[in-house]
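Please read the structure below before turning to the comments.
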Amino acid sequence: MSLLKVEGLSKHYEGRHSLLERMTGRPHTVVRAVNDIDLSVEKGEILGLIGESGCGKSTLGRAILRLHEPTKGKVTFDGTDVTALDAAQMKAMRRRMQIIFQDPYASLNPRRTVAEIVGLPLRLHGLARTEAEVREKVAAICARVGLKPGQLDRYPHQFSGGQRQRIGIARALVSHPEFIVCDEPVSALDVSIQAQIIALLLELKREMGLTYLFISHDISVIGYLADRVAVMYLGEIVEMGPVEQVLANPRHPYTQSLMSAVPEVDHAGRRKRVRLTGDLPSPLKPPSGCKFHTRCPLATEACARTAPKTETVGPGHSAACLRLAENLSLLDEVPA
Amino acid sequence: MTMTADTPAASESIFRRNLSNFAANRLAMACGLIVVLFAVMAVFAPWIAPHDPNETDLFRRLQPPAWIAGGEWSFVLGCDALGRDILSRIIYGARISIFIGLAVILVATTVGILAGLAAGYLRGWVDVVISRLVDILLGFPYLIFAIGLMAMMGPGLWNIILALAYKEWVIPARVVRGETLVTRELEYVEAARALGASRTHIMLREILPNVLSPVIVVATIRMAHVIILEASLSFLGLGVQPPTASWGSMVSDGRAFILEAWWVSTFPGLAILLLVLAINVASQGLRDAFDPRFSE
Amino acid sequence: MTDALLEVRGLRTVFETRAGRVCAVDGVDVEVRRGECLGIVGESGSGKSVTFASVMGLVRAPGRVEGGTVLFDGRDLRALTPAGMRAVRGRDIAMTMQDALTALNPALTVGEQIAEVLEAHDETLPARGAARRAAIRKTSVDMLGLVGIPSAETRLKQYPHEFSGGMRQRIMIAIALACRPKLLIADEPTTALDVTIQAQVLELISDIRARLGMSVALITHDLGVVAEHCDRVMVMYAGQVVEEGPTAEVIGAPRHPYTQGLLASIPRPGLRGQPIHPIEGQVPDLIDLPPQCRFYSRCAQRRDACLAPVDMRAAGPLRRARCILIGEDEA
């Protein structure tokens with residue numbers, strides 16, 4: 001059984017309306033930030049979630065943790081329907097499901113010391129009987145993530161970005177959770193620091209038997225560390241499957257163009273570039289039919305009318321595109 | 001192994017750093033010192049004042065300051081229409097001004113912080129109610145309403161405080177609400193929620209410490225304002241009742257003799273000016289010190 | 001020598017802070033040749049942006065350019081008056097910023113902002129009147145067309161907030177290119193953008209460079225971007241240049257341990273299952289640095305000799321690197 005199962009999860013935001021607009025019965029504008037998502041994460045696995053800004057990947061991560069209350073759908077964690085829990089039960093559940101944030105500057109309270117920040121989960125959940133025990137557990141996890149004992153009483157502004165991210169990781173892990181949403185944990189860091197944090201996250205996962213939902217916009221990072229990957233576009237998952245398969249044989253034209261757009265050190269200039277025209281459409285007015293059709297080089301008239309269904313294209317590999325059967329690839333056209 | 005950490009050796013809190021920023025600003029420091037001097041003067045008035053402020057002496061009626069012919073050095077700033085020592089009355093008057101200023105600001109700031117936090121963090125109907133109340137109160141002309149209130153409740157120290165604080169809380173409430181709206185969206189607040197923290201914990205422990213700096217700055221500026229308002233009420237005869245010395249009523253007392261005995265109104269007026277100016281400059285300094293853009 | 005458009009020698013820029021002197025740029029040499037795209041790679045604090053702010057005369061207090069020469073097209077830019085420097089900026093050298101939203105004036109339309117640059121620098125414009133306005137308009141429309149913004153006529157009347165992030169970056173490029181500068185300094189032009197948009201913008205820059213024959217200095221933290229778009233690359237670390245040379249050579253066989261570490265720490269799908277080898281530690285504090293190799297504390301190959309100042313050494317016909325190991329290899 002999967003550790004985490006997400007079924008039909010949606011998060012819609014309603015546009016603000018004035019009283020006058022409501023009285024005149026103007027139709028609601030609804031932003032479908034996350035729309036009818038199904039996915040599951042196995043215990044001990046890293047599911048990579050990739051997409052561009054505004055695609056809803058962070059909202060999905062937060063909706064799973066009920067940091068943003070889902071509009072529809074169900075999240076089952078270890079057999080428990082998380083969406084049905086009351087406040088007290090949810091609080092208890094939060095010990096087991098944690099999140100690491102992108103911005104190491106915004107995610108730590110500037111007025112609290114490291115010891116206070118990392119000790120908070122222990123206090124909230126009564127995981128230590130005495131202050132000495134809090135201190136001891138805080139010191140242990142901080143040492144594990146690579147902070148020095150002398151740094152515990154310092155304030156966040158006294159640390160560099162990479163060290164701050166380590167503090168955020170210590171805070172997420174001190175209560176020994178089982179599942180972590182990693183929301184772009186390395187995107188704000190310098191390249192050499194990025195590698196340190198990725199290595200640390202992988203070590204910790206192995207040692208503590210963790211399961212990650214790893215959100216990123218960087219296909220290289222996902223390709224390196226994830227077991228499976230889900231590709232999001234405008235609130236929907238367009239392709240999902242084992243990383244090796246999806247990277248070797250991407251079936252959705254969006255995945256293909258995403259892969260071709262990443263500048264890579266390794267095979268510079270040897271790759272065909274898929275040029276996407278235009279920008280991400282506004283989620284306020286999503287395109288009809290297949291949401292990618294406005295930018296898709298393969299789009300036909302049918303794509304503007306019919307929304308594609310998710311189809312299985314290989315073992316554990318699925319994609320949602322009307323032209324899957326034709327087996328087209330934007331990347332195939334590379335001149336040898 | 002040499003590992004160069006880019007962190008300062010000693011641990012220091014942001015608050016302490018702000019204070020040292022403040023200390024670096026000489027003018028603000030000097031003004032802060034003036035405010036402290038006034039406060040010391042108020043607290044130790046009985047020991048500092050050369051005379052009893054309410055002791056009348058009709059032989060000294062409108063006696064001029066010491067450096068003018070007819071003055072004497074034991075009554076440096078001269079005497080008022082009842083022959084009371086102006087310097088002593090100013091020293092005792094500082095008690096009223098500073099006590100009322102502090103009390104009003106303390107009450108208003110506490111209420112304002114709680115209201116602002118609740119409105120900014122809880123949103124929904126709480127925000128609607130508080131925000132509308134703020135809007136309504138802001139529409140009231142301050143002094144006219146205070147005068148009406150005083151007329152209704154009658155004079156008295158606590159009534160003055162109430163009449164001045166009834167809408168003073170609106171200012172910190174608006175500041176806190178605005179800051180809270182920004183802070184609640186920051187990831188560390190979300191992190192606290194993700195850890196299972198309660199709303200009270202988030203409001204008081206995560207958000208409050210981070211919205212406090214602007215409130216402190218606003219509170220000092222408003223304190224100067226409240227001192228002027230109190231003086232205005234006393235000037236109109238609605239403040240502290242005679243014979244208690246109050247700067248506002250002293251200015252008012254001297255009005256009738258302004259041509260022949262300018263010192264009766266002028267010195268208490270200067271005291272108001274000096275204290276208010278000092279508070280304002282000091283709070284400017286506080287604002288600069290607390291503004292993160294000025295600290296590296 | 002003749003083909004160098006920009007030639008910087010021994011540039012030194014310091015910032016006086018309360019904590020001490022920060023030497024953000026310490027003896028940096030840069031050469032941008034005519035028509036080439038030079039990539040400048042480094043992490044935050046490496047001094048890559050400050051170097052070019054110094055070249056442009058845009059370093060603000062408490063920062064100060066302390067030494068070095070900046071020759072542009074044979075002229076010494078550091079000897080110019082502020083007015084002389086203003087004439088160079090925008091006309092001969094143009095710069096685009098990372099954050100297009102804050103770099104554009106929100107209160108002016110895009111057309112007005114392009115016109116502003118033309119008014120200031122374009123001497124070929126008719127003196128005044130309708131002819132001048134028409135010329136400005138025509139150039140503006142051409143510029144938007146050049147950067148691939150459709151329906152330029154209407155777009156000129158819009159404000160920056162009416163454009164998406166990628167479009168704003170294009171507009172900034174259009175403004176930068178309005179006077180056909182000889183050198184475009186692009187400071188992290190795509191960092192704030194999504195990959196698919198990033199690809200568009202980078203291709204646009206390469207494309208325009210080829211068409212206008214200008215030089216580009218591309219400041220970035222992304223070695224991938226450099227690999228795909230730059231002829232030569234210069235790697236900076238803690239205020240110094242540590243390695244430079246033709247892109248393919250530097251990336252194919254890096255000589256400096258920092259460049260090697262940087263390349264080894266990029267996660268790639270090809271390395272799945274293998275541990276990555278991050279560079280341990282962090283960039284040293286730039287305040288009162290000892291005169292040793294700046295990478296010493298993080299270098300896996302450090303030795304006692306590294307505690308003395310290290311100069312750039314030739315590491316091949318077109319390459320240089322700042323590491324004592326380089327002489328030894330050859331020996």
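Labels below follow one simple rule: chain letters A, B, ... track the order of the sequence lines, proteins then strands, and each chain is numbered from 1.
- Residues A:P263 and C:D222 meet the side-chain proximity criterion, which asks for heavy atoms closer than 4.5 Å.
- The shortest distance between side-chain heavy atoms of C:Q282 and A:Q196 does not fall below 4.5 Å.
- Among the candidates A:S257, A:A226, A:A199, the residue making the largest number of heavy-atom pairs closer than 4.5 Å to chain C is A:A226.
- Only the side chain of C:H229 has a heavy atom closer than 4.5 Å to any heavy atom of chain A.
- C:L202 does not touch chain A: none of its heavy atoms, backbone or side chain, sits under 4.5 Å away.
- How far CD1 of A:I198 is from CD1 of C:I276: 5.0 Å, rounded to the nearest 0.5 Å.
- Among A:L189, A:L247, A:V243, the residue making the largest number of heavy-atom pairs under 4.5 Å with chain C is A:V243.
- Both the backbone and the side chain of A:I193 come within less than 4.5 Å of a heavy atom of chain C.
- The list of side chain to side chain donor-acceptor pair (under 3.5 Å) pairs with a residue in residues 261-275 of chain C, not counting sequence neighbours, reads A:D266-C:R268.
- When heavy atoms are compared at a cutoff of 4.5 Å, A:V186 does not approach chain C at all.
- Across A:R295 and C:T196, no two heavy atoms sit closer than the pair NH2-OG1, 3.1 Å.
- In this structure, CD on A:Q194 lies 9.0 Å from CD1 on C:I266, to the nearest 0.5 angstrom.
- Proximity of a side-chain donor or acceptor of C:E43 to a complementary backbone N or O of A:S192 within less than 3.5 Å is detected.
- Applying the side-chain hydrogen bond (donor to acceptor under 3.5 Å, both in side chains) test to C:D194 and every residue at least two apart in sequence or in another chain returns A:S53.
- Only the side chain of C:I251 has a heavy atom closer than 4.5 Å to any heavy atom of chain A.
- Contacts of A:E203 with chain C are absent, with no heavy-atom separation under 4.5 Å from either backbone or side chain.
- Between C:L223 and A:V191, the closest side-chain pair of non-hydrogen atoms is not below 4.5 Å.
- Neither the backbone nor the side chain of A:I197 comes within contact range of chain C; no heavy atom of the residue lies under 4.5 Å from a heavy atom of that chain.
- Residue C:P267 comes nearest to A:S220 through the heavy atom pair O-CB, 3.3 Å, listed as atom of the first residue, atom of the second, then distance.
- Heavy atoms closer than 4.5 Å to chain A are found in the side chain of C:Q198, but not in its backbone.
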